[in-house]
Number of protein chains: 2
Amino acid sequence: MPSRMKTAPDNRSGGPTIATSVYDRIRRDIISGALAPGHKLGSTTLRERYQAGISPVREALNRLVAENLVCFEDQKGFHVAGIGAEDLDDLIRTRCHIEEIALRESIANGDDAWEDGIVVAFHRLSKVPRSAAEDGFEFNPEWEELHHAFHTAILAGCGSPRIQTYCELLADQAKRYRQLAATISYPHRNERDEHQDIMDAVIARDVERAVALHHAHLKKTNDIIVRSGLSLSPERVPA
Amino acid sequence: MPSRMKTAPDNRSGGPTIATSVYDRIRRDIISGALAPGHKLGSTTLRERYQAGISPVREALNRLVAENLVCFEDQKGFHVAGIGAEDLDDLIRTRCHIEEIALRESIANGDDAWEDGIVVAFHRLSKVPRSAAEDGFEFNPEWEELHHAFHTAILAGCGSPRIQTYCELLADQAKRYRQLAATISYPHRNERDEHQDIMDAVIARDVERAVALHHAHLKKTNDIIVRSGLSLSPERVPA
DNA sequence: AGGCGAAAAATTTTGGAAAATCGTTGACAC
DNA sequence: GTGTCAACGATTTTCCAAAATTTTTCGCCT
């Protein structure tokens with residue numbers, strides 16, 4: 001370990017600047033649950049954990065506040081955003097609303113390239129197992145990424161950068177809940193068929209059916225998280 | 001209860017920290033147009049302009065990136081977010097979508113206190129003239145604030161912190177366009193009646209009428225900005 | 001003249017140390 | 001025993017200077 005090297009020699013993996021690199025790593029750790037909800041993010045601790053100075057760390061945290069993954073209060077520092085049943089409910093309901101908009105617009109405006117993108121994304125997703133382990137559930141990052149890509153592909157046709165960005169934001173927040181729940185219990189469900197049905201309805205331009213399936217898809221995720229036994233005390237939301 | 005202010009809650013004359021103070025001031029300057037769209041926000045310049053060190057300035061800018069008022073690129077620094085006809089169109093259409101959701105939810109869930117809030121906000125708004133000058137238009141900050149409060153009051157009943165926060169965000173972005181347009185030409189329109197009609201429909205719980213009026217209200221703003229002659233070259237959007 | 005490349009300048013990024021602030025502990029008075 | 005206050009300790013916030021990077025400038029060659 002080159003402790004006294006001038007700067008990280010190979011800094012390309014993640015971003016050109018240290019701040020961006022630290023941002024990526026903290027972000028991953030929060031979503032994966034390595035940094036627990038409500039956990040204090042003190043300057044000194046993070047400086048050690050990520051081997052960086054105060055400035056990049058602080059910058060990274062500031063960026064994360066924008067995504068609602070980190071809370072900040074003047075003179076009190078940074079905390080990992082709390083979780084709670086109430087917040088989860090708001091999150092899912094908001095996703096239903098916003099993604100319905102994006103879905104309707106996508107179906108209305110989507111062109112051939114858009115359709116192709118969905119088919120490809122689904123195909124890729126189908127080839128990867130839900131769980132990294134044969135028996136029982138083990139987090140599979142590849143599946144997670146392709147799953148995200150599939151849903152993104154569907155909403156990509158909506159034609160509104162703002163709505164698309166916001167959908168991504170909400171999806172990341174939901175991902176954290178999903179991750180936390182996944183560490184506790186493995187929900188058995190046939191997600192492949194769900195995705196297939198959604199895709200079919202979307203490609204067929206059957207708006208109402210697509211919306212209904214999409215809503216059900218999101219609600220099911222919510223139920224699974226709630227049922228997983230994840231302690232969602234509302235007190236854990238600092239802000 | 002959740003009076004979600006975007007700025008720090010403790011906003012007494014500058015804020016507790018320099019970063020927050022600088023954040024408020026830059027924010028004001030961008031929305032008011034004092035800092036033109038696309039303008040470079042160099043560390044040295046801002047350090048002089050706001051009489052603060054690099055760290056607080058950088059922190060303030062990072063917070064503003066979250067609101068889409070500032071763009072950032074690694075190794076290239078900060079710029080005031082660009083404007084453009086395309087972006088304005090996206091903004092207005094997004095507002096129509098999101099605020100329709102908030103409006104429907106508000107009408108469905110709003111209680112007596114919510115109704116009271118709307119009536120009070122409207123009353124206060126009615127007492128203040130649209131223009132600060134007797135003849136011709138002059139920007140009236142008091143009216144702007146009360147106008148904002150009126151619309152916020154209507155959407156306050158939606159029960160979703162996320163949607164409400166996002167509405168505020170979009171409203172601030174729209175405010176900048178409105179401000180820039182206002183410096184050029186004064187659009188004559190009877191906004192008081194428009195607000196009255198919206199309020200009446202909302203209080204009467206006439207959802208469809210309220211939504212229709214609300215959409216028309218937003219679209220009219222868009223038309224006025226476009227017609228104001230504000231140069232909206234799409235090239236001015238850096239990111 | 002125009003294009004190429006290297007030094008120079010300007011700017012961004014980073015690290016650490018000083019200053020300011022908040023929460024706590026402990027002592028003292030009542 | 002209780003309440004107040006002051007000093008301490010820990011943490012955040014800020015400033016400044018050095019390091020790394022990008023952009024510009026200028027000389028040089030084709």
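Reminder, nothing fancy here: chain letters follow the sequence lines and each chain counts from 1. Everything quoted here is computed from the prediction, not taken from an experiment.
Of the side-chain N and O atoms in S43(A), one or more sit less than 4.0 angstrom from OP1 or OP2 of dT12(D).
Comparing S55(A) and G77(A) along DNA chain D, the residue whose closest nucleotide (by nearest heavy atom) sits nearer the 5' end is G77(A). If G42(B) and K76(A) are placed on DNA chain C by their nearest nucleotide, the residue sitting closer to the 5' end is G42(B).
Side-chain contact check for Q75(A) and T17(B): no donor-acceptor pair (N or O, by modelled atom type) lies under 3.5 Å.
When distances are taken from the side chain of I18(A) to each of dC16(D), dT13(C), dT14(C), the shortest belongs to dT14(C). Checking dC15(D), dT13(D), dT13(C) against the side-chain heavy atoms of P56(B) singles out dC15(D) as nearest. Here dG16(C) is the nucleotide among dG15(C), dG16(C), dT13(D) with the atom lying nearest to any side-chain atom of R47(A). Checking dG15(C), dT23(D), dT13(C) against every side-chain atom of I54(B), the shortest atom distance belongs to dT13(C).
Listed by chain and residue number, nothing satisfies the ring pair (Phe, Tyr, Trp, His ring centres under 6.0 Å) test with Y50(A) (two or more places apart in sequence, or in another chain).
We find that CD of Q75(B) is positioned 7 Å from P of dT14(C), with the value rounded to whole Å. Taking atom CG on D74(A) and atom P on dT14(D), their separation rounds to 8 Å, with Å as the unit. Rounded to an integer number of Å, the gap from CZ of R58(B) to P of dT12(D) is 20 Å. Rounded to whole Å, atom P of dT14(C) lies 15 Å from atom CD of Q51(A). In this structure, the CD atom of E73(A) is 14 Å from the C1' atom of dT11(D), given to the nearest Å. Here the P atom of nucleotide dG23(C) and the NZ atom of K40(A) are 11 Å apart, to the nearest Å. Computed from coordinates, the Y23(A) OH to dT14(C) P distance equals 15 Å when rounded to whole Å. Residue H79(B) contributes atom NE2, which lies 14 Å from atom P of dT22(D) at whole-angstrom precision.
Between R63(A) and E67(A) no salt bridge is recorded (no basic side-chain N to carboxylate O distance below 4.0 Å). Between R130(B) and E144(B) there is a salt bridge, since at least one side-chain N of the basic residue sits less than 4.0 Å from a carboxylate O of the acidic one.
Of the candidates K40(B), H39(B), R58(B), F78(B) forms a side-chain contact (heavy atoms from CB on, under 4.5 Å) with just one, namely R58(B).
Heavy atoms of F72(A) sit under 4.0 angstrom from primed sugar atoms or phosphate atoms, though from no base atom.
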